[in-house]
A.B. asks: 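Sharing a structure with you now.
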Amino acid sequence: MGASQPVSGTRVVTRFAPSPTGFLHIGGARTALFNYLFARHHGGDFRLRIEDTDRARSTEPAIAAILDGMTWLGLDWDGEVVYQFARAGRHAEVANELLAKGHAYRCYATPDELTALREAQRAAKQPMRYDGRWRDHTDFPNDAPYVIRLKAPREGSVTITDLVQGPVTVANAELDDMVLLRSDGTPTYMLAVVVDDHDMGVTHVIRGDDHLNNAFRQLAMIRLLGWPEPFYAHIPLIHGADGAKLSKRHGALGVDAYRDDLGLLPEAVENYLLRLGWGHGDAEIISRAEAVAWFGLDAVGRGPARFDLKKLENTNGHYLRAADDARLVALITPRVEAALGRALTAADGDLLQRSMPELKKRAPNLGDLAAGTLFYLRARPIPMDDGAIKLLASATAGVLTGARERLAGITDWSAATVEEQARALADEFALKLGQVAQPLRAAVTGSSQSPGLFDVMATLGREETLGRIDDVISGQAG
RNA sequence: GGUCCCUUCGUCUAGCGGUCUAGGACGUCGCCCUUUCACGGCGAAAACACGGGUUCGAUUCCCGUAGGGAUCACCA
């Protein structure tokens with residue numbers, strides 16, 4: 001495993017560090033999952049840090065949504081959640097330490113001045129970076145506002161042996177002196193991550209590809225501070241089906257939307273996310289235990305992967321079929337009650353429980369599963385859809401009344417005895433079984449599509465089944 | 001534009017010099033099962049971006065080209 005092994009003797013510590021400016025999106029969830037899996041694989045710690053230093057954009061609801069999403073996905077973190085804003089004092093302390101040691105300096109350039117600099121650089125087609133105009137000053141205006149910038153090395157280069165991307169080298173001349181402390185004394189993200197990762201003992205920084213460029217600047221700071229260097233692993237971002245950066249339109253929704261709107265199971269989302277950009281031979285359906293045992297950074301793909309809702313739904317269907325019936329009933333109950341406009345009774349719950357084995361085989365998500373239960377629970381006369389109306393209209397005359405008669409004679413009502421009578425009726429009328437079953441399906445379910453008719457009748461019971469057929473015969477249904 | 005990264009079926013991927021007439025999964029199409037719809041089973045079409053090298057031999061290694069991506073704030 002070479003490069004992905006931690007230095008001997010150190011305990012692996014990873015962290016997920018989202019900024020609470022929105023919901024926990026799918027890309028963030030995958031980053032969290034990879035951090036979680038890597039830590040668990042190595043028997044280390046997985047920490048959670050909320051990067052709320054942007055006071056204007058950070059919100060309480062966003063923090064709640066992140067914690068909720070993590071919990072839903074079963075990504076339990078170790079220790080207390082670290083709130084970055086609360087550590088501003090420590091960040092400033094490190095900035096001042098750097099300043100005292102001559103590794104940082106005060107910069108009095110105004111925002112307008114810097115904007116003008118960038119404009120000039122853009123016009124001259126020069127790279128846009130701070131030119132270090134205050135880097136070697138010794139005389140400072142006393143009352144003017146200033147920021148503290150890192151005095152980054154200008155010669156040589158930095159090479160990061162990224163656990164996913166491989167060795168990446170950037171010349172120091174490409175990097176400018178980043179701001180550590182703003183003029184209002186608050187820390188920038190660059191300072192905060194480095195200090196927090198160090199203080200939290202993070203050994204492996206696993207994050208989105210968009211941070212790869214930042215890693216060089218952060219490493220420069222770490223070296224100036226003389227702190228131990230973490231391993232880096234930058235995983236590619238997720239793209240939409242059209243190859244463009246994932247946006248809301250593509251399904252870059254909060255994980256709560258995957259749960260509530262798309263009706264997905266957390267284990268399905270986890271499995272799908274794991275396989276997006278990572279593979280283990282031909283394995284497709286992977287349990288949490290297997291994921292922990294198999295996960296490694298060396299198998300993470302280096303190119304961005306496209307998000308495919310079809311495959312996610314297929315994966316969800318797999319887990320839905322494997323899910324415990326009682327759990328599914330509990331999950332769909334709110335949806336069913338909303339559709340019915342009433343609370344479910346104990347008898348309804350029992351009916352749902354019995355219908356699950358057949359119903360879950362044909363639902364790709366909880367919404368469809370809930371919708372599929374409705375015909376069982378609706379009060380007579382049940383509504384008929386277009387397909388059902390057509391079937392009834394073209395049914396052989398007398399089939400329904402004939403079936404009604406035979407079914408009414410059954411004393412031990414079951415899928416087997418019901419089927420027996422249906423087949424007998426087909427023989428009697430010289431019809432194919434389908435010509436008898438389809439009109440009956442329409443009458444009993446109000447649709448042309450449903451689980452096995454005889455199973456449905458058995459689940460519904462004798463009285464309800466007969467009643468529904470009567471409704472159609474007497475013209476009350478529809 | 002500068003810098004950095006990436007490139008196997010439509011999509012996610014396996015492949016870590018010969019085992020590749022390139023494997024699996026989703027999707028698509030066909031067949032089977034069958035009272036409908038699903039589930040399930042079987043099968044088909046479908047890819048190594050291009051051009052140079054290195055090598056006895058490249059999907060695998062190197063270099064270009066093209067395409068794609070990331071990033072260039074007193075945001076994170």
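So you know, we letter chains A, B, ... as the sequences are listed, proteins then strands, and number each from 1.
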A.B. asks: Starting from the 5' end of RNA chain B, give me the residue, A:H318 or A:T186, whose nearest nucleotide shows up first.
C.D. replies: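 Of the two residues, A:H318 wins.
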
A.B. asks: Report yes or no: do A:H91 and A:D196 form a side-chain donor-acceptor pair below 3.5 Å?
C.D. replies: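 Short answer, yes.
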
A.B. asks: Inspect the contact between A:K311 and A:E284 and indicate whether a charged nitrogen and a carboxylate oxygen are less than 4.0 angstrom apart.
C.D. replies: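 Answer for the salt bridge query: yes.
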
A.B. asks: Taking everything shown except A:D386 itself, do over 12 heavy atoms lie less than 6.0 Å from its CG?
C.D. replies: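 No.
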
A.B. asks: How about A:N214 and A:Y189: does a side-chain donor come under 3.5 Å of a side-chain acceptor?
C.D. replies: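 The answer is no; no qualifying pair exists.
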
A.B. asks: Just name whichever nucleotide pairs with B:C31, Watson-Crick or G-U, keeping both distances under 3.5 Å, else none.
C.D. replies: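 Partner of B:C31: B:G41.
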
A.B. asks: Pick one: which of A:F307, A:W278, A:Y319 meets ring-ring contact (aromatic ring centres under 6.0 Å, His included) with A:Y272?
C.D. replies: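 So the option named by the test is A:F307.
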
A.B. asks: Which of the following nucleotides, B:U13, B:A70, B:A76, is nearest to the side chain of A:A305?
C.D. replies: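 Closest of the options to the side chain of A:A305: B:U13.
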
A.B. asks: For the pair made of CG in A:N314 and C1' in B:U28, what is the distance, rounded to whole Å?
C.D. replies: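 My rounded result for the distance is 14 Å.
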
A.B. asks: Side chain of A:R275, heavy atoms from C-beta onward: which of B:A70, B:C4, B:C12 has the nearest atom to it?
C.D. replies: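 My answer, after comparing the listed nucleotides, is B:C12.
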
A.B. asks: May I have the distance from A:D368 (atom CG) to B:C39 (atom P), rounded to whole angstrom?
C.D. replies: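 Computing the A:D368:CG to B:C39:P distance gives 12 Å.
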
A.B. asks: Nearest whole angstrom, please: distance from the P of B:C6 to the CG of A:N213.
C.D. replies: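 Distance, rounded to whole Å: 13 Å.
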
A.B. asks: Just how far, in rounded Å, is C1' of B:A38 from CG of A:L320?
C.D. replies: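 Roughly 13 Å, once rounded to whole Å.
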
A.B. asks: Which ones in residues 431-443 of chain A lie close to RNA chain B, meaning a heavy atom under 4.0 Å from one of its atoms?
C.D. replies: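 Per residue number, the list reads A:L433, A:G434, A:A437, A:Q438, A:R441.
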
A.B. asks: For the pair made of NZ in A:K361 and C1' in B:A38, what is the distance, rounded to whole Å?
C.D. replies: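 Spelled out: NZ on A:K361 to C1' on B:A38 is 8 Å.
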
A.B. asks: As a test of reading the structure: which of B:U35, B:A38, B:A76 is closest to the side chain of A:R362, going by heavy atoms?
C.D. replies: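 So the side chain of A:R362 is nearest to B:A38.
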
A.B. asks: Whole Å only: how far is the CZ atom of A:R302 from the P atom of B:G15?
C.D. replies: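 Nearest whole value for this atom pair: 14 Å.
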
A.B. asks: What's the OH-P distance between A:Y83 and B:A76, to the nearest Å?
C.D. replies: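 Distance, rounded to whole Å: 18 Å.
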
A.B. asks: Measure from CZ on A:F216 to P on B:C72 and round the result to the nearest Å.
C.D. replies: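 About 14 Å, once rounded to whole Å.
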
A.B. asks: Under the salt bridge (Lys or Arg N to Asp or Glu O under 4.0 Å) rule, collect the residues that match up with A:R118, sequence neighbours excluded.
C.D. replies: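 For A:R118, no residue satisfies salt bridge (Lys or Arg N to Asp or Glu O under 4.0 Å) once neighbours in sequence are set aside.
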
A.B. asks: With no hydrogens and no angle check, do the side chains of A:Q438 and A:R441 hold a donor and an acceptor under 3.5 Å apart?
C.D. replies: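 Side-chain D/A pair, A:Q438 to A:R441: present.
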
A.B. asks: Take atom P in B:C31 and the same atom in B:C37, then report the distance between them in whole Å.
C.D. replies: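 13 Å, rounded to whole Å.
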
A.B. asks: Restricting to non-hydrogen atoms, name the atom on A:Y105 and the atom on A:L99 that form the minimum distance, rounded to 0.1 Å.
C.D. replies: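 Taking A:Y105 first and A:L99 second, the nearest heavy atoms are CA-CD1, 3.6 Å.
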
A.B. asks: What I want to check is whether the side chains of A:D112 and A:T110 have a donor and an acceptor closer together than 3.5 Å.
C.D. replies: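 No pair is found: no donor N or O on one side chain lies under 3.5 Å from an acceptor on the other.
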
A.B. asks: Could you check whether any side-chain N or O of A:R207 sits under 3.5 Å from a backbone N or O of A:L212, counting only pairs where one atom can act as donor and the other as acceptor?
C.D. replies: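 No; judged by distance alone, with no hydrogens or angles, the pair does not exist.
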
A.B. asks: Hey, can you pull the residues of residues 107-117 of chain A with a non-hydrogen atom under 4.0 angstrom from RNA chain B?
C.D. replies: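 Contacting residues: A:A109, A:P111, A:L114.
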
A.B. asks: Respond yes when some side-chain nitrogen or oxygen of A:R423 is under 4.0 Å from OP1 or OP2 of B:U35, and no when none is.
C.D. replies: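 For B:U35, OP1 or OP2 has a side-chain N or O of A:R423 closer than 4.0 Å.
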
A.B. asks: For the ring pair A:F34 and A:F295, is the centre-to-centre distance below 6.0 Å?
C.D. replies: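 For A:F34 and A:F295, the ring centres are under 6.0 Å apart.
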
A.B. asks: Provide the distance between the two P atoms, one in B:C26 and one in B:G43, to the nearest whole Å.
C.D. replies: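 To the nearest whole Å, 14 Å.
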
A.B. asks: For B:C5 versus B:C61, give the span between their P atoms, rounded off to a whole number of Å.
C.D. replies: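 About 16 Å, rounded to a whole number of Å.
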
A.B. asks: When you compare B:G10 with B:C48, how far apart are their P atoms, in angstrom units rounded to a whole number?
C.D. replies: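 Each nucleotide's P atom is 9 Å from the other's.
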
A.B. asks: Has the side chain of A:S450 got a donor or acceptor that lies under 3.5 Å from a partner of the other kind on the base of B:C37?
C.D. replies: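 Such a pair does not exist between side chain and base.
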
A.B. asks: Who is the Watson-Crick or G-U wobble partner of B:G10, with both distances under 3.5 Å?
C.D. replies: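 By the stated definition (distances under 3.5 Å), B:C26 pairs with B:G10.
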
A.B. asks: Using atom P of each nucleotide, how far apart are B:A45 and B:U8 to the nearest Å?
C.D. replies: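 These two P atoms come out 22 Å apart once rounded.
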
A.B. asks: Using the P atom in both, what is the distance from B:U54 to B:C63, to the nearest Å?
C.D. replies: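 One P to the other, the span is 15 Å.
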
